[in-house]
Colleague: 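Pasting in a structure now, in structure tokens, and then I'll have a few things to ask.
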Amino acid sequence: MNMAPFLLMGMFVSGLISMFVNSRLILKHIGSKNFLSIFKSTVLGIPIPLCSCGVIPVAATLREAGASKGSTVSFLVSTPQTGIDSIFLTYGMLGPVFALFRPLAAFVSGIFSGIVINSFDDDLHHHLPDADGVPNAKKSLIERLESGLRYGFLSLPSDIVVPLFQGLGIAAAIAIFIPPDFIAEYFYSSPYIMLFMMLAVSLPIYVCATASIPIAVVLMAKGVSAGAVFVFLMAGPATNASSIAVVKNFLGKKTMYHYLILISSTAIVFGFIFDSFITIVPPAMSHFSHGHAADDYGALFLTVVFLLILINAYIYKLKGEKSKTAESEDDFDGSKDRLSIVVSGMTCSHCKESVETAVYSCSGVESTSVDLSSGQVIVTGTGFDESAIKDKIKRKGFSLS
């Protein structure tokens, strides 16, 4: 019940952002190799609700359109750490200090990472004028509002519903199977070990900024320091094994190593600052959280609405993937060319849309369907170039199996 009102508010604001902030606006402002571009890419990235996998195709598009490596990396570092939805939920479950510190850390780490990459990493990239995007006709305010609400309460929940419940499941498992104060008893005397332990856990796993919050709450209740929890909140959403491999594909091995080192070092620094200068103890945090759990019909109503939105989003996610594939199979009558490939690294609707956009930009393509669960992409049309389609997908940062 604590989560529902804050996530609902976050979904609503995310929908509003999707109405007025688009990829063309972002591309316009971060193409130069200077501090202002890095600053803009960081500021634009912080409120956008993209996970570490979902941000990859967007970053690949920025890179392909001419963004410098520094701007691209600053966007990669800052965007997954936060989002409007996760900021609201952080405030509701961890309090105002965490809620303010998360976007601040995302901003500082994004700026710092971009400056370092532009200073020490050779950038041989040249602008590639590639019009992948299909231009949209100007929409009326009502149409844009409908589109924003659809994104905020359907597309966004369909992306986070699975990792969110996975995060809740992990949090429940930690609460049940780890004895009270177990971590504090064995690691409290070595706070630095706790910081690095949380970093080692955070880097390879997939957890979105929102799903990481219930896990963080339980970790603090089990004795993990606030600084170590902040390392998890910072490094967990920013990286995972899949996104690291994709970063290597479109930015190169050298930049990938710099990317990992920058995220790791800034997470440790902010965790150390948190433990050294800010005092947050589990009892105070729990008291704050319980203060929001109003045991009344209003809170119950919001919880029911929130659960219904998640259930609807999950059904929409499953039906959309199945119907798209079935539609592609039905449309194929043997008179058209057909291509079936498997793409690795897709995890959310942003990934799916990025692949679809890349495929549709190729001449001769009439229809395409993307199945996120299997990674299968089916293309139908007449006279399309198979190698060109595969190349377009790879340039978005994905790999082919």
Colleague: Within a strict 4.5 Å, meaning less than it, do heavy atoms of the L199 and L195 side chains meet?
Modeller: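 Counting from C-beta outward, L199 and L195 never come under 4.5 Å.
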Colleague: Between V231 and F274, is there a side-chain heavy-atom distance shorter than 4.5 Å?
Modeller: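 Of all side-chain heavy-atom pairs linking V231 with F274, none is under 4.5 Å.
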Colleague: How are the rings of F98 and F230 set to each other: parallel, tilted or perpendicular (split at 30° and 60°)?
Modeller: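 Answer is tilted, since the angle falls between 30° and 60°.
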Colleague: Any side-chain donor paired with an acceptor under 3.5 Å for S41 and S74?
Modeller: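 Side-chain D/A pair, S41 to S74: present.
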Colleague: Taking the side chain as every heavy atom from C-beta outward, state whether S264 and L203 have any atom pair closer than 4.5 Å.
Modeller: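 Yes, at least one pair of side-chain atoms sits under 4.5 Å.
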Colleague: For D275 versus S225, what's the shortest heavy-atom pair and its separation?
Modeller: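 Looking at all heavy atoms of both residues, the closest pair is OD2-OG, 2.9 Å.
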Colleague: Hey, are the side chains of R102 and L94 touching, using non-hydrogen atoms and a 4.5 Å cut-off?
Modeller: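 They are not in side-chain contact.
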Colleague: Would you call M194 and V224 a side-chain contact if the rule is heavy atoms closer than 4.5 Å?
Modeller: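 Answer yes - side chains close enough.
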Colleague: Is there a donor-acceptor pair closer than 3.5 Å between any side-chain N or O of T82 and the backbone N or O of I46?
Modeller: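 Yes.
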Colleague: Decide side chain to side chain contact (heavy atoms under 4.5 Å, CB included) for M234 and T266; before the verdict, give the C-alpha distance in whole Å, the side-chain angles of both, and the deciding distance to 0.1 Å.
Modeller: CA-CA 9 Å; M234 195 171 169; T266 52; 3.7 Å; yes
Colleague: Indicate yes or no: does E386 engage K390 in a salt bridge with an N to O separation below 4.0 Å.
Modeller: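 Yes.
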Colleague: Is it the case that the side chain of S113 and the backbone of G110 share a donor-acceptor pair, with hydrogens and angles ignored and the cut-off at 3.5 Å?
Modeller: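 Side chain of S113 to backbone of G110, a donor-acceptor pair under 3.5 Å: no, none is there.
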Colleague: More than 12 heavy atoms of other residues, nucleotides or ligands under 6.0 Å from CZ of F384: yes or no?
Modeller: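 Enclosed: over 12 neighbouring heavy atoms sit under 6.0 Å from CZ of F384.
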Colleague: Between CG of L233 and CE of M198, what distance do you get to the nearest 0.5 Å?
Modeller: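 So the gap between those two atoms works out to 8.5 Å.
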Colleague: Can you tell me how far the OH atom of Y259 sits from the OG1 atom of T239, to the nearest 0.5 Å?
Modeller: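 It comes to 6.0 Å.
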Colleague: What are the two closest heavy atoms between S78 and A106, and how far apart are they?
Modeller: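 Heavy-atom minimum between the residues: CB-O, 3.4 Å.
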Colleague: Please examine the side chains of L400 and K394, heavy atoms only from C-beta on, and report whether any two atoms are closer than 4.5 Å.
Modeller: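 They are in contact (side-chain heavy atoms under 4.5 Å apart), so the answer is yes.
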Colleague: Please round to the nearest 0.5 Å and tell me the distance separating atom CD1 of I84 and atom CG of L89.
Modeller: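 So the gap between those two atoms works out to 13.0 Å.
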Colleague: When you compare the side chain of I393 with that of I341, does any pair of heavy atoms fall below 4.5 Å?
Modeller: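 Side-chain contact under 4.5 Å: yes.
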Colleague: Say you draw a straight line from CD1 of I38 to OG1 of T72; how long is it, rounded to the nearest 0.5 Å?
Modeller: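 So the CD1 of I38 and the OG1 of T72 are separated by 10.0 Å.
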Colleague: Are F272 and F277 near enough that their ring centres are under 6.0 Å apart?
Modeller: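 Ring centres of F277 and F272 not closer than 6.0 Å.
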Colleague: Distance from F196 atom CZ to I268 atom CD1, nearest 0.5 Å?
Modeller: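 Separation between the atoms: 4.5 Å.
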Colleague: Side chains of L262 and V77, heavy atoms from C-beta outward: is any pair under 4.5 Å?
Modeller: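 No, every pair of side-chain atoms sits at 4.5 Å or beyond.
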Colleague: Which heavy atom of P80 sits nearest to which heavy atom of F75, and what is that distance?
Modeller: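 So the minimum-distance heavy-atom pair works out to CD-O, 4.1 Å.
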Colleague: List the steps and the verdict of side chain to side chain contact (heavy atoms under 4.5 Å, CB included) for I315 and I311.
Modeller: CA-CA 6 Å; I315 295 174; I311 293 171; 4.0 Å; yes
Colleague: Can you name the nearest heavy-atom pair linking R150 to Y316, along with the distance?
Modeller: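 Heavy atoms only, the tightest pair is NH2-CE1, 3.6 Å.
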Colleague: Measuring from I378:CD1 to S367:OG, what's the distance to the nearest 0.5 Å?
Modeller: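 Nearest 0.5 Å value for the CD1-OG distance: 9.0 Å.
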Colleague: Considering non-hydrogen atoms only, spot the tightest contact between P214 and M93 and give its length.
Modeller: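 In terms of heavy atoms, the two residues are closest at CA-CE, 4.4 Å.
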Colleague: Ignoring hydrogens and angles, tell me if any N or O in the side chain of S276 forms a donor-acceptor pair with the backbone of I273 under 3.5 Å.
Modeller: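 No, S276 side chain to I273 backbone: no donor-acceptor pair under 3.5 Å.
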